[in-house]
Amino acid sequence: MRTYRDLFRAPEYTPLFASFTVQATAQTVSGLALGTLVYDATRSPLLAALGMFGGSFAQMAGALTLLSAADRLPPRTALACTALLFGAGTAVLAVPGLPLPALFAIVLGLGLAASLSSGVRYGLLSEILPEEGYLLGRSVLNMSVGTTQICGFAAGGVLVALSPRGALLTGAALYLLTAVVAVTGLSRRPPRAAGRPSLAETWRTNVRLLSSAPRRYAYLAMWVPNGLIVGCEALFVSYSPHHAGLLLAVAAVGMLVGDTVTGRFVPRHLRERLGPPLRLLLAAPYLLFALDPPLPLGAAAVLLASVGYAATLLLQERLMALTPVPMHGHALGLHSSGMLTMQGVGAALAGGTAQVTSPGAAMAIMAVASVTVTLALAPGLRPHGISTRSAHDGRHRRDGTASNETCA
């Protein structure tokens, strides 16, 4: 599977792609609207950042409680039901006069459900596509996010200017459309793993996933540097209230470029070498904001830095090579939940730093922190040399018995 034509010929990839794209559009429009509403009401960079990314804090709570369901629920039903929940919650956020504590409670509740939704979706992706097609398929989903954010932030900026609450209702309608696409386009599939989802099973699988040092390094590299840089993006509203949509759209363009080139054109033997410079590129351009650059120069820095998000795509491929198939949904859900949780942490740290310095200075500080973490994790991300096929088949044996774990 080497071309986009091959990818979209794969059964069910197109409806999965369509439902993902509609949901990403809903998240883009409603996130910008919610951040703007909170900032208008409070004039607080911290609360505005939490309005856009605060739901990420609940992702880790979901990863610790719900993720065993990602491989133990029928994928189509799970995706449709979570989309309906997102639509209902977003519609409630648009209610005039909603108290701020209630608003944040709903945001956190939706974040909890999102942890399960991500695990189900990405686990289904690994099931739909052959092993060699996962990177290309995942890169196209990332490209979809970039494209929908470019269009969504532009359209969302217009909708927010007209009515932030109207933009939230638009997001709610798009979530409902996501559920319709999932129900009509995806086929019934049995769960990937047997047994009932439970808190105990979630904890057991988390422990198994994190017991491997190579997987721990991959998770940390996907979570922490990424989250710190998203903290920079969370300050765009307070850094330039009238141009935040433009800066967010430019960031989406950079992400789209990075994912397109990495997913389609970089050969497998160069991917390990490309990862370290991409992880540094993600943060370094934000150092420029310490000088409070003019908008065109700042936008160029954001564009360049966002190309570095492709490093996470390469790390996901590494994670899949280290994880047996029956745990793919859980492993990818843990990745997504941890990453989004760190994005919430990054938004809070960046917002708190901006409260006592300035948005530009806070962005530079977050960039320094991201570079520091990237360099500290580098020794643990050297090529692992495992057999990818055996990791996927889960056939490593110890003492003559089959094992679900790959060799660390």
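One distance of note links CG of Leu93 with CG of Leu103; it measures 5.0 Å at 0.5 Å rounding. Between atom CD1 of residue Ile365 and atom OG of residue Ser370 there is a gap of 14.0 Å, rounded to the nearest 0.5 Å. Between atom OH of residue Tyr309 and atom CG of residue Leu278 there is a gap of 13.0 Å, rounded to the nearest 0.5 Å. The distance from the NE2 atom of His328 to the CG atom of Asp71 is 9.5 Å, given to the nearest 0.5 Å. With values rounded to the nearest 0.5 angstrom, Leu297 atom CG is found 4.5 Å from Leu288 atom CG. Remark: Leu313 CG to Leu136 CG distance equals 9.5 Å, nearest 0.5 Å.
A donor-acceptor pair shorter than 3.5 Å can be found between the side chains of Asp292 and Tyr239. There is no side-chain donor-acceptor pair under 3.5 Å between Ser68 and Ser198.
For the pair Ser117 and Leu79, the tightest heavy-atom approach, listed with the atom from each and the gap, is O-CD2, 3.9 Å. Across all their heavy atoms, Tyr134 and Leu129 have their closest contact at CA-CD1, 4.3 Å. The two residues Glu233 and Ala251 have their closest heavy-atom pair at OE2-CB, 3.9 Å. Looking at every heavy atom in both residues, Val371 comes nearest to Ala284 through CG2-N, 4.4 Å. The two residues Ala179 and Ala80 come nearest to each other via the heavy atoms CB-O, 3.6 Å. Scanning both residues, Phe86 and Gln23, for their nearest heavy atoms gives CE1-NE2, 3.6 Å.
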Should Trp203 and Arg208 be marked as a side chain to side chain contact (heavy atoms under 4.5 Å, CB included) after you check the CA-CA gap, both sets of side-chain angles, and the distance that decides it?
-> CA-CA 9 Å; Trp203 275 88; Arg208 290 174 63 190; over 6 Å; no
Passes side chain to side chain contact (heavy atoms under 4.5 Å, CB included), Val302 versus Tyr286? Steps please.
-> CA-CA 7 Å; Val302 170; Tyr286 278 99; 3.8 Å; yes
Verify side chain to side chain contact (heavy atoms under 4.5 Å, CB included) between Gln343 and Ile229, making sure each step is shown before the conclusion.
-> CA-CA 8 Å; Gln343 289 178 1; Ile229 297 307; over 6 Å; no
Run the side chain to side chain contact (heavy atoms under 4.5 Å, CB included) check on Leu141 and Asp259 step by step: do they pass?
-> CA-CA 9 Å; Leu141 293 187; Asp259 285 337; over 6 Å; no
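Legend: residues meeting side-chain contact (heavy atoms from CB on, under 4.5 Å) with Val22, ordered by chain and number and at least two apart, are Leu174, Leu177, Thr178. Judged as a side-chain contact (heavy atoms from CB on, under 4.5 Å), and not counting sequence neighbours, the contacts of Pro99 are Pro101, Ala102. Qualifying side-chain hydrogen bond (donor to acceptor under 3.5 Å, both in side chains) partners for Ser336, counting only residues two or more places apart in sequence or in other chains: Ser118.
In this structure, the side chain of Ser144 does not engage the main chain of Val140 through any donor-acceptor pair within 3.5 Å. Side-chain atoms of Ser115 come within 3.5 Å of backbone N or O of Leu112 as a donor-acceptor pair. Formation of a donor-acceptor pair under 3.5 Å by the Arg216 side chain with backbone atoms of Ser211 is found in this model. A donor-acceptor pair is defined here as one N or O able to donate and one able to accept, closer than 3.5 Å; such a pair exists between the side chain of Ser126 and the backbone of Gly123. When atom types are taken as modelled, the side chain of Tyr175 and the backbone of Ala91 share no donor-acceptor pair closer than 3.5 angstrom.
With contacts defined as side-chain heavy-atom distances shorter than 4.5 Å, the pair Arg76/Arg189 does not qualify. Within the 4.5 Å cutoff, the side chain of Phe289 has no heavy atoms near those of the Met366 side chain. With contacts defined as side-chain heavy-atom distances shorter than 4.5 Å, the pair Thr90/Leu110 qualifies. Side-chain contact between Leu100 and Thr42: present, with at least one pair of heavy atoms (C-beta onward) separated by less than 4.5 Å. Looking at Thr205 and Met327, their side chains come closer than 4.5 Å, going by heavy atoms from C-beta outward. Between Leu124 and Arg121 there is no side-chain heavy-atom pair separated by less than 4.5 Å. With contacts defined as side-chain heavy-atom distances shorter than 4.5 Å, the pair Thr323/His330 does not qualify. At least one side-chain heavy atom of Leu246 sits less than 4.5 Å from a side-chain heavy atom of Leu295.
A centroid separation of 6.0 Å or more is found between the aromatic rings of Phe20 and Phe17.
The cationic atom of Arg138 (NZ for Lys, CZ for Arg) lies less than 6.0 Å from the six-membered ring centre of Tyr122 and within 45° of the ring axis.
For Arg43, the CZ atom sits in a packed shell: over 12 heavy atoms of surrounding residues, nucleotides or ligands are nearer than 6.0 Å.
Ion pairing of Glu201 with Arg72 is present here, as a side-chain N (NZ or NE/NH1/NH2) and a carboxylate O approach within less than 4.0 Å.
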